[in-house]
Number of protein chains: 2
Amino acid sequence: MKAHLLYVEDDESLSFVTRDNLELQGYQITHCDNGATALEIIKNNTFDLCILDVMLPEIDGFTIAEEIRKNNNEVPIIFLTAKSLKEDKIHGLKLGGDDYITKPFSIEELILKIEVFLKRSKINIPQELASYDVGMFNLDYPNLALNQNGTSKSLTQKEADLLKYLIENKNAVIKRSAILKSIWGEDDYFLGRSLDVFISRLRKYLKADETVKIENIHGVGFRLKG
Amino acid sequence: MKAHLLYVEDDESLSFVTRDNLELQGYQITHCDNGATALEIIKNNTFDLCILDVMLPEIDGFTIAEEIRKNNNEVPIIFLTAKSLKEDKIHGLKLGGDDYITKPFSIEELILKIEVFLKRSKINIPQELASYDVGMFNLDYPNLALNQNGTSKSLTQKEADLLKYLIENKNAVIKRSAILKSIWGEDDYFLGRSLDVFISRLRKYLKADETVKIENIHGVGFRLKG
DNA sequence: TACCACTGTTAATGCGCTGTTAATCAAAGA
DNA sequence: TCTTTGATTAACAGCGCATTAACAGTGGTA
(Lines give C-alpha, C1' and ligand atoms only; values in the text may rest on other atoms or scores of the structure.)
Protein backbone atom coordinates (compact mmCIF):
# COMPACT_ATOMS: atom_id res chain seq x y z
CA MET A 1 0.00 0.00 0.00
CA LYS A 2 1.53 3.25 -1.15
CA ALA A 3 1.61 6.19 1.17
CA HIS A 4 -0.34 9.10 -0.23
CA LEU A 5 1.33 12.51 0.06
CA LEU A 6 0.04 15.99 -0.59
CA TYR A 7 2.68 18.29 -2.02
CA VAL A 8 1.95 21.99 -2.42
CA GLU A 9 4.66 23.97 -4.21
CA ASP A 10 4.52 26.75 -6.75
CA ASP A 11 8.02 26.53 -8.17
CA GLU A 12 7.43 24.53 -11.31
CA SER A 13 10.88 23.14 -11.95
CA LEU A 14 11.50 22.29 -8.31
CA SER A 15 8.16 20.59 -7.90
CA PHE A 16 8.70 18.57 -11.07
CA VAL A 17 11.97 17.08 -9.93
CA THR A 18 10.83 16.60 -6.35
CA ARG A 19 7.63 14.88 -7.37
CA ASP A 20 9.55 12.67 -9.72
CA ASN A 21 11.93 11.65 -6.98
CA LEU A 22 9.20 10.96 -4.48
CA GLU A 23 7.25 8.84 -6.93
CA LEU A 24 10.40 6.91 -7.63
CA GLN A 25 10.50 6.18 -3.91
CA GLY A 26 7.11 4.57 -4.22
CA TYR A 27 4.93 7.32 -2.84
CA GLN A 28 1.69 8.38 -4.44
CA ILE A 29 1.87 12.16 -4.88
CA THR A 30 -0.91 14.67 -5.24
CA HIS A 31 0.67 17.93 -6.25
CA CYS A 32 -0.81 21.37 -6.63
CA ASP A 33 0.76 24.77 -7.13
CA ASN A 34 -1.43 27.13 -5.15
CA GLY A 35 -3.22 27.45 -1.86
CA ALA A 36 -6.78 27.73 -3.12
CA THR A 37 -6.58 24.45 -5.02
CA ALA A 38 -4.91 22.85 -2.02
CA LEU A 39 -7.82 23.84 0.20
CA GLU A 40 -10.24 22.29 -2.28
CA ILE A 41 -8.25 19.07 -2.40
CA ILE A 42 -8.00 18.61 1.34
CA LYS A 43 -11.75 18.97 1.70
CA ASN A 44 -12.32 15.74 -0.15
CA ASN A 45 -9.18 13.75 0.46
CA THR A 46 -7.10 12.40 3.26
CA PHE A 47 -3.38 12.03 3.09
CA ASP A 48 -0.72 10.15 4.99
CA LEU A 49 1.54 13.20 5.03
CA CYS A 50 1.56 16.78 3.74
CA ILE A 51 4.49 18.77 2.39
CA LEU A 52 3.67 22.44 2.21
CA ASP A 53 5.69 25.23 0.73
CA VAL A 54 5.21 28.25 2.97
CA MET A 55 5.73 31.01 0.44
CA LEU A 56 2.84 30.74 -1.94
CA PRO A 57 0.97 33.51 -3.72
CA GLU A 58 -2.33 34.48 -2.06
CA ILE A 59 -2.85 31.65 0.42
CA ASP A 60 0.34 30.55 2.16
CA GLY A 61 1.40 27.20 3.57
CA PHE A 62 0.64 28.15 7.15
CA THR A 63 -2.96 28.83 6.26
CA ILE A 64 -3.24 25.49 4.52
CA ALA A 65 -1.83 23.80 7.61
CA GLU A 66 -4.41 25.51 9.79
CA GLU A 67 -7.19 24.24 7.55
CA ILE A 68 -5.81 20.73 7.59
CA ARG A 69 -5.57 20.75 11.37
CA LYS A 70 -9.20 21.78 11.72
CA ASN A 71 -10.20 18.34 10.53
CA ASN A 72 -7.17 16.25 11.23
CA ASN A 73 -4.80 16.39 14.15
CA GLU A 74 -2.88 13.34 13.11
CA VAL A 75 -1.47 13.75 9.63
CA PRO A 76 2.18 14.85 9.72
CA ILE A 77 2.92 18.21 8.10
CA ILE A 78 6.34 19.21 6.81
CA PHE A 79 6.93 22.82 5.84
CA LEU A 80 9.22 23.76 3.02
CA THR A 81 10.61 27.25 2.73
CA ALA A 82 13.42 29.49 1.60
CA LYS A 83 13.40 31.39 4.85
CA SER A 84 15.22 29.95 7.79
CA LEU A 85 14.12 32.52 10.28
CA LYS A 86 13.66 31.29 13.79
CA GLU A 87 10.28 32.97 14.11
CA ASP A 88 8.94 31.22 11.05
CA LYS A 89 10.06 27.84 12.27
CA ILE A 90 8.36 28.40 15.55
CA HIS A 91 5.24 29.70 13.93
CA GLY A 92 5.00 26.62 11.75
CA LEU A 93 5.49 24.26 14.65
CA LYS A 94 2.93 26.08 16.76
CA LEU A 95 0.34 25.71 14.04
CA GLY A 96 0.72 21.98 14.39
CA GLY A 97 3.42 21.38 11.82
CA ASP A 98 5.84 18.60 12.46
CA ASP A 99 8.99 19.72 10.74
CA TYR A 100 10.51 22.48 8.74
CA ILE A 101 12.95 22.06 5.85
CA THR A 102 14.74 25.06 4.41
CA LYS A 103 15.49 25.42 0.74
CA PRO A 104 17.70 24.46 -0.85
CA PHE A 105 17.21 21.00 0.60
CA SER A 106 18.54 17.66 -0.52
CA ILE A 107 15.95 15.23 -1.74
CA GLU A 108 17.57 12.59 0.40
CA GLU A 109 16.91 14.61 3.53
CA LEU A 110 13.30 15.14 2.55
CA ILE A 111 12.78 11.43 1.95
CA LEU A 112 14.36 10.53 5.26
CA LYS A 113 12.14 12.98 7.09
CA ILE A 114 9.08 11.67 5.33
CA GLU A 115 9.99 8.19 6.46
CA VAL A 116 10.50 9.31 10.04
CA PHE A 117 6.93 10.54 10.19
CA LEU A 118 5.34 7.77 8.20
CA LYS A 119 7.06 5.24 10.41
CA ARG A 120 5.61 6.87 13.49
CA SER A 121 2.08 7.05 12.16
CA LYS A 122 2.01 3.37 11.33
CA ILE A 123 1.00 0.99 14.04
CA ASN A 124 2.24 -2.01 12.16
CA ILE A 125 5.83 -2.86 12.86
CA PRO A 126 6.55 -6.25 11.36
CA GLN A 127 9.02 -8.01 13.56
CA GLU A 128 9.57 -10.84 11.11
CA LEU A 129 13.08 -9.52 10.57
CA ALA A 130 14.37 -11.64 13.39
CA SER A 131 13.32 -14.86 11.75
CA TYR A 132 15.86 -17.27 10.28
CA ASP A 133 15.20 -20.05 7.83
CA VAL A 134 17.18 -23.23 7.35
CA GLY A 135 15.83 -26.25 5.55
CA MET A 136 12.32 -27.04 6.75
CA PHE A 137 12.95 -25.12 9.95
CA ASN A 138 12.37 -21.56 10.99
CA LEU A 139 14.12 -20.04 13.96
CA ASP A 140 12.02 -17.41 15.71
CA TYR A 141 14.90 -15.86 17.55
CA PRO A 142 13.16 -13.35 19.84
CA ASN A 143 10.73 -16.01 20.97
CA LEU A 144 13.40 -18.66 21.35
CA ALA A 145 11.41 -21.07 19.24
CA LEU A 146 12.37 -23.50 16.49
CA ASN A 147 9.37 -24.09 14.26
CA GLN A 148 8.81 -26.81 11.70
CA ASN A 149 5.50 -27.14 9.83
CA GLY A 150 3.18 -26.46 12.72
CA THR A 151 5.13 -27.76 15.67
CA SER A 152 7.37 -25.63 17.78
CA LYS A 153 10.31 -26.52 19.99
CA SER A 154 11.44 -24.00 22.55
CA LEU A 155 15.12 -23.34 22.91
CA THR A 156 17.27 -21.88 25.62
CA GLN A 157 18.90 -18.52 25.02
CA LYS A 158 22.31 -20.01 24.28
CA GLU A 159 20.88 -22.63 21.94
CA ALA A 160 19.08 -19.90 20.04
CA ASP A 161 22.19 -17.71 19.99
CA LEU A 162 24.29 -20.49 18.57
CA LEU A 163 21.76 -21.59 15.98
CA LYS A 164 21.25 -18.00 14.85
CA TYR A 165 24.99 -17.60 14.47
CA LEU A 166 25.22 -20.80 12.44
CA ILE A 167 22.34 -19.82 10.16
CA GLU A 168 23.82 -16.38 9.63
CA ASN A 169 26.97 -18.11 8.45
CA LYS A 170 25.20 -20.90 6.63
CA ASN A 171 27.34 -23.00 4.28
CA ALA A 172 30.51 -21.30 5.42
CA VAL A 173 33.22 -22.74 7.63
CA ILE A 174 33.18 -21.12 11.06
CA LYS A 175 36.17 -21.45 13.36
CA ARG A 176 35.61 -22.73 16.86
CA SER A 177 37.30 -19.67 18.30
CA ALA A 178 34.98 -17.36 16.35
CA ILE A 179 31.91 -19.09 17.72
CA LEU A 180 33.22 -19.10 21.26
CA LYS A 181 34.15 -15.45 21.19
CA SER A 182 30.83 -14.49 19.68
CA ILE A 183 28.50 -16.58 21.84
CA TRP A 184 30.47 -17.17 25.03
CA GLY A 185 32.57 -14.01 24.92
CA GLU A 186 35.84 -15.83 25.35
CA ASP A 187 37.67 -18.85 24.09
CA ASP A 188 39.21 -21.50 26.30
CA TYR A 189 39.45 -25.25 26.40
CA PHE A 190 36.49 -25.93 28.66
CA LEU A 191 34.11 -23.65 26.80
CA GLY A 192 35.12 -25.64 23.74
CA ARG A 193 33.73 -28.77 25.42
CA SER A 194 30.50 -26.90 26.12
CA LEU A 195 30.28 -25.90 22.50
CA ASP A 196 30.51 -29.57 21.53
CA VAL A 197 27.60 -30.36 23.80
CA PHE A 198 25.51 -27.61 22.27
CA ILE A 199 26.35 -28.69 18.73
CA SER A 200 25.24 -32.15 19.67
CA ARG A 201 21.94 -30.87 21.00
CA LEU A 202 21.28 -28.76 17.93
CA ARG A 203 21.96 -31.77 15.70
CA LYS A 204 19.29 -33.63 17.59
CA TYR A 205 16.79 -30.81 17.13
CA LEU A 206 17.57 -30.58 13.41
CA LYS A 207 17.66 -34.23 12.54
CA ALA A 208 14.09 -34.25 11.19
CA ASP A 209 15.43 -32.65 8.01
CA GLU A 210 18.06 -34.73 6.21
CA THR A 211 19.22 -31.79 4.10
CA VAL A 212 20.29 -29.77 7.12
CA LYS A 213 23.53 -30.82 8.73
CA ILE A 214 26.11 -29.42 11.08
CA GLU A 215 29.40 -30.71 9.75
CA ASN A 216 32.62 -30.74 11.68
CA ILE A 217 35.74 -29.43 10.00
CA HIS A 218 38.43 -31.29 11.83
CA GLY A 219 40.74 -29.06 13.79
CA VAL A 220 39.00 -25.93 12.54
CA GLY A 221 35.34 -25.66 13.41
CA PHE A 222 31.90 -26.29 11.96
CA ARG A 223 29.76 -25.68 8.93
CA LEU A 224 25.97 -25.64 8.77
CA LYS A 225 24.86 -27.08 5.45
CA GLY A 226 21.31 -26.46 4.37
CA MET B 1 2.82 11.56 34.40
CA LYS B 2 5.87 13.55 33.37
CA ALA B 3 7.67 12.69 30.18
CA HIS B 4 11.16 11.48 30.93
CA LEU B 5 13.88 12.86 28.64
CA LEU B 6 17.51 11.92 28.26
CA TYR B 7 19.73 14.89 27.51
CA VAL B 8 23.38 14.34 26.63
CA GLU B 9 25.40 17.53 26.28
CA ASP B 10 28.92 18.41 27.35
CA ASP B 11 28.68 22.20 27.26
CA GLU B 12 28.13 22.98 30.91
CA SER B 13 26.54 26.39 30.67
CA LEU B 14 24.31 25.47 27.76
CA SER B 15 23.12 22.28 29.39
CA PHE B 16 22.37 24.09 32.61
CA VAL B 17 20.07 26.61 31.03
CA THR B 18 18.49 24.11 28.69
CA ARG B 19 17.81 21.66 31.45
CA ASP B 20 16.35 24.40 33.55
CA ASN B 21 14.00 25.43 30.79
CA LEU B 22 12.89 21.91 30.04
CA GLU B 23 12.19 21.16 33.67
CA LEU B 24 10.19 24.34 33.84
CA GLN B 25 8.11 22.91 31.00
CA GLY B 26 7.30 19.96 33.20
CA TYR B 27 9.65 17.39 31.78
CA GLN B 28 11.72 15.09 33.92
CA ILE B 29 15.31 15.41 32.67
CA THR B 30 18.18 12.99 33.05
CA HIS B 31 21.28 14.84 31.95
CA CYS B 32 24.81 13.60 31.45
CA ASP B 33 27.84 15.21 29.91
CA ASN B 34 29.62 12.35 28.17
CA GLY B 35 28.94 9.35 25.99
CA ALA B 36 30.24 6.66 28.32
CA THR B 37 27.89 7.67 31.12
CA ALA B 38 25.05 7.92 28.62
CA LEU B 39 25.63 4.34 27.50
CA GLU B 40 25.50 3.21 31.12
CA ILE B 41 22.28 5.08 31.75
CA ILE B 42 20.44 3.73 28.73
CA LYS B 43 21.27 0.19 29.77
CA ASN B 44 19.01 0.43 32.78
CA ASN B 45 16.48 3.07 31.83
CA THR B 46 13.94 3.90 29.21
CA PHE B 47 13.06 7.38 28.12
CA ASP B 48 10.23 8.99 26.28
CA LEU B 49 12.62 10.98 24.14
CA CYS B 50 16.39 11.46 23.77
CA ILE B 51 18.25 14.66 22.96
CA LEU B 52 21.80 13.94 21.94
CA ASP B 53 24.58 16.38 21.28
CA VAL B 54 26.57 14.99 18.36
CA MET B 55 29.94 16.49 19.16
CA LEU B 56 31.04 14.87 22.37
CA PRO B 57 34.53 13.90 23.47
CA GLU B 58 35.32 10.20 22.99
CA ILE B 59 31.88 8.71 22.26
CA ASP B 60 29.72 10.87 20.00
CA GLY B 61 25.96 11.29 19.78
CA PHE B 62 25.63 9.09 16.71
CA THR B 63 27.20 6.20 18.57
CA ILE B 64 24.82 6.69 21.47
CA ALA B 65 21.90 6.70 19.04
CA GLU B 66 23.07 3.42 17.55
CA GLU B 67 23.17 1.85 20.99
CA ILE B 68 19.70 3.12 21.82
CA ARG B 69 18.29 1.76 18.57
CA LYS B 70 19.69 -1.69 19.31
CA ASN B 71 17.09 -2.10 22.02
CA ASN B 72 14.46 0.41 21.11
CA ASN B 73 13.13 1.37 17.71
CA GLU B 74 10.45 3.60 19.08
CA VAL B 75 11.90 6.31 21.25
CA PRO B 76 12.30 9.58 19.34
CA ILE B 77 15.86 10.87 19.05
CA ILE B 78 16.70 14.50 18.40
CA PHE B 79 20.28 15.40 17.50
CA LEU B 80 21.82 18.65 18.57
CA THR B 81 24.88 20.01 16.87
CA ALA B 82 26.89 23.00 15.84
CA LYS B 83 27.43 21.60 12.37
CA SER B 84 24.69 22.03 9.83
CA LEU B 85 26.29 19.94 7.12
CA LYS B 86 23.89 18.10 4.91
CA GLU B 87 25.87 14.88 5.25
CA ASP B 88 25.62 14.98 9.00
CA LYS B 89 21.90 15.53 8.93
CA ILE B 90 21.43 12.60 6.62
CA HIS B 91 23.75 10.43 8.63
CA GLY B 92 21.81 11.15 11.78
CA LEU B 93 18.47 10.40 10.18
CA LYS B 94 19.76 7.18 8.65
CA LEU B 95 20.87 5.97 12.03
CA GLY B 96 17.29 6.19 13.13
CA GLY B 97 17.28 9.72 14.47
CA ASP B 98 14.10 11.70 14.12
CA ASP B 99 15.27 15.27 13.90
CA TYR B 100 18.29 17.48 13.86
CA ILE B 101 18.58 20.87 15.49
CA THR B 102 21.58 23.08 14.78
CA LYS B 103 23.15 25.28 17.41
CA PRO B 104 22.53 27.96 18.25
CA PHE B 105 18.90 26.98 18.66
CA SER B 106 16.07 28.68 20.44
CA ILE B 107 14.72 26.86 23.46
CA GLU B 108 11.25 27.46 22.13
CA GLU B 109 12.02 25.57 18.95
CA LEU B 110 13.45 22.70 20.93
CA ILE B 111 10.38 22.49 23.13
CA LEU B 112 8.06 22.56 20.15
CA LYS B 113 9.97 19.77 18.48
CA ILE B 114 9.91 17.72 21.64
CA GLU B 115 6.16 18.10 21.78
CA VAL B 116 5.78 17.08 18.16
CA PHE B 117 7.45 13.77 18.86
CA LEU B 118 5.91 13.15 22.25
CA LYS B 119 2.51 13.74 20.77
CA ARG B 120 3.20 11.26 18.00
CA SER B 121 4.54 8.55 20.26
CA LYS B 122 1.40 8.78 22.35
CA ILE B 123 -0.85 8.64 19.32
CA ASN B 124 0.71 5.29 18.59
CA ILE B 125 -0.64 4.09 21.89
CA PRO B 126 -4.29 5.14 22.05
CA GLN B 127 -4.66 3.05 25.14
CA GLU B 128 -7.28 4.83 27.12
CA LEU B 129 -10.10 3.64 24.92
CA ALA B 130 -8.79 0.19 24.39
CA SER B 131 -9.93 -2.72 26.42
CA TYR B 132 -7.67 -5.69 26.66
CA ASP B 133 -8.90 -9.22 26.23
CA VAL B 134 -7.14 -12.37 27.23
CA GLY B 135 -8.92 -15.68 27.52
CA MET B 136 -12.15 -15.26 29.44
CA PHE B 137 -10.89 -12.05 31.01
CA ASN B 138 -11.15 -8.43 30.07
CA LEU B 139 -8.85 -5.82 31.52
CA ASP B 140 -10.53 -2.46 31.95
CA TYR B 141 -7.29 -0.56 32.25
CA PRO B 142 -8.50 2.95 33.06
CA ASN B 143 -10.73 1.56 35.82
CA LEU B 144 -8.09 -0.85 37.10
CA ALA B 145 -10.53 -3.72 36.87
CA LEU B 146 -10.19 -7.28 35.71
CA ASN B 147 -13.57 -8.58 34.59
CA GLN B 148 -14.71 -12.12 33.94
CA ASN B 149 -18.31 -12.96 33.03
CA GLY B 150 -20.06 -10.67 35.46
CA THR B 151 -17.59 -10.54 38.32
CA SER B 152 -14.92 -7.91 38.66
CA LYS B 153 -11.65 -7.87 40.54
CA SER B 154 -10.00 -4.55 41.17
CA LEU B 155 -6.30 -4.22 40.57
CA THR B 156 -3.64 -1.84 41.74
CA GLN B 157 -2.09 0.55 39.24
CA LYS B 158 1.08 -1.49 38.91
CA GLU B 159 -0.81 -4.75 38.56
CA ALA B 160 -2.87 -3.19 35.78
CA ASP B 161 0.24 -1.72 34.13
CA LEU B 162 1.97 -5.06 34.14
CA LEU B 163 -1.03 -7.00 32.90
CA LYS B 164 -1.64 -4.47 30.15
CA TYR B 165 1.97 -4.78 29.08
CA LEU B 166 1.75 -8.55 29.03
CA ILE B 167 -1.46 -8.54 27.01
CA GLU B 168 -0.01 -6.07 24.54
CA ASN B 169 2.82 -8.53 24.01
CA LYS B 170 0.70 -11.63 24.22
CA ASN B 171 2.33 -14.86 23.03
CA ALA B 172 5.71 -13.24 22.61
CA VAL B 173 8.72 -13.64 24.85
CA ILE B 174 9.30 -10.47 26.85
CA LYS B 175 12.64 -9.87 28.51
CA ARG B 176 12.71 -9.11 32.21
CA SER B 177 14.69 -5.97 31.56
CA ALA B 178 12.12 -4.76 29.04
CA ILE B 179 9.31 -5.18 31.53
CA LEU B 180 11.24 -3.51 34.32
CA LYS B 181 12.25 -0.57 32.19
CA SER B 182 8.75 -0.15 30.91
CA ILE B 183 6.80 -0.51 34.15
CA TRP B 184 9.31 0.44 36.83
CA GLY B 185 11.44 2.79 34.74
CA GLU B 186 14.69 1.08 35.57
CA ASP B 187 16.19 -2.34 35.90
CA ASP B 188 18.01 -3.61 38.93
CA TYR B 189 18.16 -6.76 40.99
CA PHE B 190 15.62 -5.85 43.64
CA LEU B 191 13.04 -4.59 41.21
CA GLY B 192 13.43 -7.96 39.57
CA ARG B 193 12.30 -9.60 42.82
CA SER B 194 9.30 -7.29 42.89
CA LEU B 195 8.43 -8.28 39.38
CA ASP B 196 8.40 -11.91 40.47
CA VAL B 197 5.93 -11.09 43.20
CA PHE B 198 3.65 -9.29 40.77
CA ILE B 199 3.81 -12.12 38.27
CA SER B 200 2.84 -14.45 41.04
CA ARG B 201 -0.14 -12.30 41.96
CA LEU B 202 -1.32 -12.02 38.37
CA ARG B 203 -1.09 -15.79 37.99
CA LYS B 204 -3.42 -16.14 40.93
CA TYR B 205 -5.91 -13.70 39.41
CA LEU B 206 -5.78 -15.48 36.07
CA LYS B 207 -5.96 -19.05 37.25
CA ALA B 208 -9.71 -19.36 36.68
CA ASP B 209 -8.96 -19.76 32.97
CA GLU B 210 -6.78 -22.76 32.16
CA THR B 211 -5.96 -21.46 28.70
CA VAL B 212 -4.30 -18.34 30.01
CA LYS B 213 -0.84 -18.80 31.44
CA ILE B 214 2.15 -16.70 32.30
CA GLU B 215 5.13 -18.84 31.38
CA ASN B 216 8.62 -18.23 32.56
CA ILE B 217 11.43 -18.39 30.02
CA HIS B 218 14.37 -19.25 32.18
CA GLY B 219 17.05 -16.60 32.24
CA VAL B 220 15.14 -14.45 29.76
CA GLY B 221 11.74 -13.33 30.90
CA PHE B 222 8.08 -14.23 30.55
CA ARG B 223 5.44 -15.03 28.01
CA LEU B 224 1.69 -14.65 28.41
CA LYS B 225 -0.02 -17.45 26.53
CA GLY B 226 -3.68 -17.08 25.80
C1' DT C 1 -2.29 12.01 67.09
C1' DA C 2 -3.15 7.39 66.86
C1' DC C 3 -5.16 3.98 64.08
C1' DC C 4 -6.24 1.53 59.94
C1' DA C 5 -6.29 0.21 55.01
C1' DC C 6 -3.81 -0.29 51.04
C1' DT C 7 0.51 -0.86 48.05
C1' DG C 8 4.72 -2.12 46.79
C1' DT C 9 9.27 -3.88 48.47
C1' DT C 10 12.16 -7.03 50.93
C1' DA C 11 13.06 -11.49 53.01
C1' DA C 12 13.00 -16.45 53.40
C1' DT C 13 12.56 -21.05 51.71
C1' DG C 14 12.40 -24.76 48.53
C1' DC C 15 12.25 -26.44 43.81
C1' DG C 16 13.62 -26.81 38.90
C1' DC C 17 16.27 -25.61 34.88
C1' DT C 18 20.58 -24.55 32.47
C1' DG C 19 25.14 -24.82 31.28
C1' DT C 20 29.34 -27.06 32.63
C1' DT C 21 32.00 -30.94 33.66
C1' DA C 22 33.09 -35.71 33.39
C1' DA C 23 33.37 -40.08 31.31
C1' DT C 24 33.35 -43.03 27.43
C1' DC C 25 33.63 -44.15 22.80
C1' DA C 26 34.42 -43.01 17.81
C1' DA C 27 36.87 -40.76 14.07
C1' DA C 28 40.69 -38.52 11.87
C1' DG C 29 45.43 -37.65 11.04
C1' DA C 30 50.43 -38.75 11.55
C1' DT D 1 49.42 -48.05 15.75
C1' DC D 2 49.30 -44.05 18.50
C1' DT D 3 47.76 -39.42 19.42
C1' DT D 4 44.63 -35.85 18.91
C1' DT D 5 40.12 -34.19 18.16
C1' DG D 6 35.16 -34.73 18.27
C1' DA D 7 30.34 -36.94 19.66
C1' DT D 8 27.31 -38.28 22.87
C1' DT D 9 25.26 -39.27 27.19
C1' DA D 10 24.87 -38.67 32.00
C1' DA D 11 25.45 -36.31 36.32
C1' DC D 12 26.18 -32.18 38.95
C1' DA D 13 26.42 -27.46 41.01
C1' DG D 14 24.61 -23.16 41.00
C1' DC D 15 21.58 -19.83 39.76
C1' DG D 16 16.98 -18.32 38.70
C1' DC D 17 12.31 -18.58 39.90
C1' DA D 18 7.74 -19.26 42.70
C1' DT D 19 5.46 -18.50 46.49
C1' DT D 20 4.31 -16.97 51.07
C1' DA D 21 4.92 -13.92 54.59
C1' DA D 22 6.59 -9.92 56.87
C1' DC D 23 7.64 -5.12 56.49
C1' DA D 24 7.58 -0.06 55.32
C1' DG D 25 5.58 3.92 53.36
C1' DT D 26 1.45 6.58 52.25
C1' DG D 27 -2.84 8.60 52.88
C1' DG D 28 -7.27 8.72 54.95
C1' DT D 29 -10.19 9.03 59.16
C1' DA D 30 -11.80 9.70 63.57
Side-chain angles (χ1 to χ4, degrees), chain A residues 141 143-146 153-166 173-208 212-225, chain B residues 1 44 141 143-146 152-166 173-207 212-225:
Chain A
Y141 179 68
N143 286 324
L144 308 178
L146 181 64
K153 162 110 187 79
S154 62
L155 306 177
T156 72
Q157 183 69 58
K158 269 222 160 56
E159 287 170 350
D161 287 344
L162 177 57
L163 183 54
K164 167 166 163 275
Y165 189 84
L166 291 174
V173 175
I174 322 169
K175 287 194 209 142
R176 298 184 78 98
S177 65
I179 300 176
L180 289 170
K181 280 184 198 155
S182 174
I183 309 291
W184 273 265
E186 55 181 323
D187 169 13
D188 69 27
Y189 174 78
F190 289 103
L191 291 175
R193 303 304 95 234
S194 287
L195 170 58
D196 289 333
V197 173
F198 273 76
I199 291 286
S200 176
R201 285 179 187 162
L202 288 184
R203 283 191 178 120
K204 197 181 285 181
Y205 302 158
L206 296 173
K207 73 165 175 256
V212 176
K213 269 192 183 136
I214 303 178
E215 294 179 339
N216 173 256
I217 313 297
H218 195 92
V220 182
F222 297 92
R223 171 168 52 192
L224 173 65
K225 287 192 102 171
Chain B
M1 205 179 82
N44 301 315
Y141 179 68
N143 289 321
L144 305 179
L146 181 65
S152 179
K153 160 107 186 83
S154 64
L155 306 176
T156 72
Q157 183 67 54
K158 270 223 158 56
E159 287 170 349
D161 289 343
L162 177 57
L163 183 54
K164 167 167 159 275
Y165 190 83
L166 291 173
V173 174
I174 321 169
K175 288 194 213 144
R176 296 184 79 97
S177 65
I179 300 175
L180 289 170
K181 285 189 206 165
S182 175
I183 309 291
W184 274 265
E186 57 182 323
D187 169 12
D188 70 27
Y189 174 79
F190 288 103
L191 292 175
R193 303 304 95 235
S194 287
L195 170 58
D196 288 334
V197 173
F198 274 77
I199 290 286
S200 178
R201 285 179 186 161
L202 288 183
R203 281 193 179 119
K204 198 179 285 182
Y205 302 158
L206 296 172
K207 73 164 176 255
V212 176
K213 268 192 184 135
I214 303 178
E215 295 180 338
N216 171 256
I217 312 297
H218 195 96
V220 180
F222 296 92
R223 170 168 51 194
L224 174 64
K225 288 193 104 170

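Here the structure is a predicted model, which is why all the values come from computation and not from measurement. In what follows, every chain begins at residue 1, and chains take the letters A, B, ... in the order their sequences are listed.
Between K204(B) and dA18(D) there is no side-chain polar atom (N or O) within less than 4.0 angstrom of OP1 or OP2.
If you measure from atom CG of L162(B) to atom P of dG8(C), you get 11 Å, rounded to the nearest angstrom. Look at CD1 on I214(A): it is 15 Å from P on dG6(D), rounded to the nearest Å. dA21(D) atom P lies 17 Å from atom CG of D196(B), rounded to whole Å. Spacing between atom CD1 of I199(A) and atom C1' of dT8(D) amounts to 13 Å, rounded to whole angstrom units. For L202(A) and dG6(D), the CG to P distance is 17 Å, given to the nearest whole Å. Distance L163(B) CG to dG8(C) C1': 17 Å, rounded to the nearest Å. dG16(D) atom C1' lies 8 Å from atom CG of N216(B), rounded to whole Å.
Under the 6.0 Å distance and 45° angle rule, R193(A) counts as a cation-pi partner of Y189(A). The cationic atom of K158(B) (NZ for Lys, CZ for Arg) does not lie both less than 6.0 Å from the six-membered ring centre of F198(B) and within 45° of the ring axis.
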Result block: side-chain N/O donor-acceptor pairs under 3.5 angstrom for residues 214-225 of chain B, not counting sequence neighbours:
{"unit_1": "E215(B)", "atom_1": "OE1", "unit_2": "R223(B)", "atom_2": "NE", "d": "3.2"}
{"unit_1": "E215(B)", "atom_1": "OE1", "unit_2": "R223(B)", "atom_2": "NH2", "d": "3.3"}
{"unit_1": "N216(B)", "atom_1": "OD1", "unit_2": "H218(B)", "atom_2": "N", "d": "3.3"}
{"unit_1": "N216(B)", "atom_1": "ND2", "unit_2": "G221(B)", "atom_2": "O", "d": "3.2"}

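Counting only heavy atoms from C-beta outward, the side chains of L146(B) and L206(B) approach each other to under 4.5 Å.
A donor-acceptor pair under 3.5 Å is absent between the side-chain atoms of N143(B) and the main chain of A145(B), judged by distance alone.
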Once base and sugar-phosphate atoms are separated, protein heavy atoms under 4.0 Å mark nucleotides 12-22 of chain C, 5' to 3', with B, S and - as ----BSSBBBS

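Note on D196(B) versus R201(B): no salt bridge recorded, every NZ/NE/NH1/NH2 to OD/OE distance being 4.0 Å or above.
Across all strands shown, F222(A) has heavy atoms under 4.0 Å from sugar-phosphate atoms exclusively, and none from any base.
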